[in-house]
Colleague: 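Take this structure, written in structure tokens, and hold onto it; I'll ask about it next.
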Amino acid sequence: MPIPVAYPFNEAAGLELSARYAKAQQADGLERVRLPYGEPAWLVTRYADARLVLGDSRFSRAACTAHDEPREQPGRVTAGIGATDPPDHTRLRKLVAKAFTVQRIERLRPGIRALAERLAQDMADSGPPADLVESFALPLPVAVICRVLGVPEADRPLFRKWSDDAVSSNAAEQVAGSMRELSVYMVELIAEHRIRPADDLITELIEARDVGERLSEAELVEQCMGLLIAGHEATAMLIPNFVHLLLGRHDGLGWLRDEPDRIPAAVEELLRFVPLRTGALAARWATEDVEVGGTLVREGEPVMVSVGAANHDARRFTAPDALDLGREGNRHVAFGHGVHHCVGAPLARLELQEALRALALRMPSLRPAGDVVWKSRSLVRGPHTMPVGW
């Protein structure tokens with residue numbers, strides 16, 4: 001058994017993919033890694049291997065409850081949809097999947113477009129400089145997920161703290177405290193929705209609990225908590241990440257104003273190109289001996305997939321380290337693959353498209369206006385503050 005190397009490879013500050021991944025991709029077999037917490041794991045960095053592990057039922061997420069999961073943060077995930085396999089995973093996913101179909105999400109586009117344009121115009125009217133994160137990138141996805149779920153947008157300051165802690169490597173006590181606060185908040189909000197139902201996803205989940213008995217009370221709370229955090233955290237980071245990259249490499253956003261039809265393809269390439277995480281996706285455990293990338297992964301051993309590295313695999317993508325905003329056939333794995341593929345991917349794509357469109361239309365001369373302050377203890381990379389001018 002090879003000696004595990006320290007992981008993760010990516011730095012929290014910045015958007016670069018560590019050169020260490022190229023070495024791992026060129027090696028024979030998989031590399032053995034050790035994270036700050038938990039047991040050692042095999043690391044998958046090649047695209048074909050990533051799709052195999054993420055799409056094969058012989059690799060289990062539910063096994064995390066019986067193992068010391070390899071992880072970057074002290075707390076462990078032992079409940080929720082992310083810690084299940086089919087059929088439990090299928091049951092829980094079906095309850096929310098219908099709210100995130102491409103057709104249903106597309107009906108939200110006019111409202112999201114209007115919101116994005118208003119936020120961009122408000123920022124422009126206030127005059128430079130501005131913090132793109134606080135003025136635009138955070139309020140857009142927060143407002144959207146609040147509308148979808150049925151959560152008061154006025155509670156946004158609470159969400160930011162809870163979400164930051166949920167994806168941080170802060171002390172276990174601080175993270176656990178934030179999650180307890182969020183749980184109490186969600187229990188109270190669910191109680192309010194039971195008294196006053198509305199046309200929102202929380203009400204639909206309550207009906208699934210109270211009428212159909214398709215999930216437990218604990219699962220109801222966990223689903224709502226997970227959706228609130230996942231529904232805005234990644235998108236709130238991807239927006240400034242994309243803008244930061246475009247301002248540095250493509251001479252601003254003016255070209256998007258002139259060629260808006262290119263925005264969807266540009267978003268897909270940015271999703272592929274930008275490695276959002278410092279490390280890899282949550283571990284999967286082999287339920288039997290499986291050969292992956294020339295390595296025999298034994299039953300009971302964990303495997304972790306770096307989607308950022310897989311999206312830069314030269315075996316799958318031509319010139320993978322070049323940002324090609326017109327790239328075709330862009331089947332990246334930024335949203336994962338298989339049964340745990342991100343259920344909110346259609347909503348995230350739409351928000352990213354409309355965010356870039358609004359900034360290009362309203363603020364085509366957007367430019368950096370100071371140093372970016374990066375999140376320093378986060379598993380999801382992105383700016384804490386990003387000063388911009390125009």
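For clarity, every value in this text was computed on a predicted model and none was experimentally measured.
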Colleague: Mind checking whether Val151 and Ile145 have side chains closer than 4.5 Å, heavy atoms only?
Modeller: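 No; the side chains remain at least 4.5 Å from each other.
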
Colleague: Is a salt bridge present between Glu69 and Arg61, judged by a nitrogen-to-oxygen distance below 4.0 Å?
Modeller: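 Result for this pair is yes, salt bridge flagged.
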
Colleague: Is a side-chain N or O of Thr235 found less than 3.5 angstrom from the main chain of His232, in a donor-acceptor match?
Modeller: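 Not a single qualifying donor-acceptor pair exists.
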
Colleague: How would you list all residue pairs meeting salt bridge (Lys or Arg N to Asp or Glu O under 4.0 Å) that involve residues 29-45, not counting sequence neighbours?
Modeller: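 For residues 29-45, and leaving out neighbouring residues, the salt bridge (Lys or Arg N to Asp or Glu O under 4.0 Å) pairs sorted by first residue read Arg20-Glu31.
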
Colleague: Does a salt bridge link Arg357 with Glu117, judged by any charged N lying under 4.0 Å from a carboxylate O?
Modeller: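 Salt bridge between Arg357 and Glu117, a charged N being under 4.0 Å from a carboxylate O: yes.
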
Colleague: Listing request: all salt bridge (Lys or Arg N to Asp or Glu O under 4.0 Å) pairs with a residue in residues 124-144, at least two apart in sequence or in separate chains.
Modeller: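 The answer is Glu134-Arg156, Glu134-Arg160.
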
Colleague: Quick test of your reading: applying salt bridge (Lys or Arg N to Asp or Glu O under 4.0 Å), list the pairs with at least one residue in residues 226-244, sequence neighbours left out, ordered by first then second residue.
Modeller: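 Those involving residues 226-244 are Glu233-Lys375.
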
Colleague: Consider only side-chain heavy atoms of I, L, V, M, F, W and Y, link residues closer than 4.5 Å, and tell whether Val339 and Phe100 are in one cluster.
Modeller: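 Different clusters: Val339 never reaches Phe100 through Ile, Leu, Val, Met, Phe, Trp or Tyr contacts under 4.5 Å.
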
Colleague: Out of the candidates Leu270, Leu347, Leu271, only one should pair with Leu352 under the side-chain contact (heavy atoms from CB on, under 4.5 Å) rule; please name it.
Modeller: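 Among the candidates, only Leu271 passes.
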
Colleague: Tell me which donor-acceptor pairs under 3.5 Å the side chains of residues 287-294 have, and how far apart each pair is, sequence neighbours excluded?
Modeller:
residue: Thr287; atom: OG1; partner: Arg58; partner atom: O; Å: 3.0
residue: Asp289; atom: OD1; partner: Glu299; partner atom: N; Å: 2.8
residue: Asp289; atom: OD2; partner: Arg298; partner atom: NH1; Å: 3.2

Colleague: Do Val33 and Tyr37 belong to the same hydrophobic cluster, where Ile, Leu, Val, Met, Phe, Trp and Tyr are linked whenever their side-chain heavy atoms lie under 4.5 Å apart, directly or via other members?
Modeller: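 They do not share one cluster, since no chain of ILVMFWY contacts under 4.5 Å joins Val33 to Tyr37.
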
Colleague: What pair of heavy atoms forms the shortest contact from Thr278 to Tyr21, and how long is it?
Modeller: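 Nearest heavy atoms, Thr278 then Tyr21: O-OH, 4.1 Å.
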
Colleague: Please list, chain by chain and in numerical order, all residues satisfying ring pair (Phe, Tyr, Trp, His ring centres under 6.0 Å) with Tyr7, sequence neighbours excluded.
Modeller: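 Tyr7: ring pair (Phe, Tyr, Trp, His ring centres under 6.0 Å) contacts with Phe9.
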
Colleague: Between Arg327 and Glu268, is there a salt bridge with N-O shorter than 4.0 Å?
Modeller: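 Judged by the 4.0 Å cut-off on N to carboxylate O distance, Glu268 and Arg327 do not form a salt bridge.
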
Colleague: Could you check whether His312 and Phe273 have their ring centres less than 6.0 Å apart?
Modeller: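 Centroid separation for Phe273 and His312: below 6.0 Å.
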
Colleague: Once salt bridge (Lys or Arg N to Asp or Glu O under 4.0 Å) is applied, what residue pairs with a partner in residues 308-317 remain, sequence neighbours excluded?
Modeller: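 For residues 308-317, and leaving out neighbouring residues, the salt bridge (Lys or Arg N to Asp or Glu O under 4.0 Å) pairs sorted by first residue read Asp313-Arg315.
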
Colleague: Met179, Val187: one ILVMFWY side-chain cluster at the under-4.5 Å cut-off?
Modeller: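 Yes, because Met179 and Val187 connect within a single hydrophobic cluster, where side-chain heavy atoms sit under 4.5 Å apart.
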
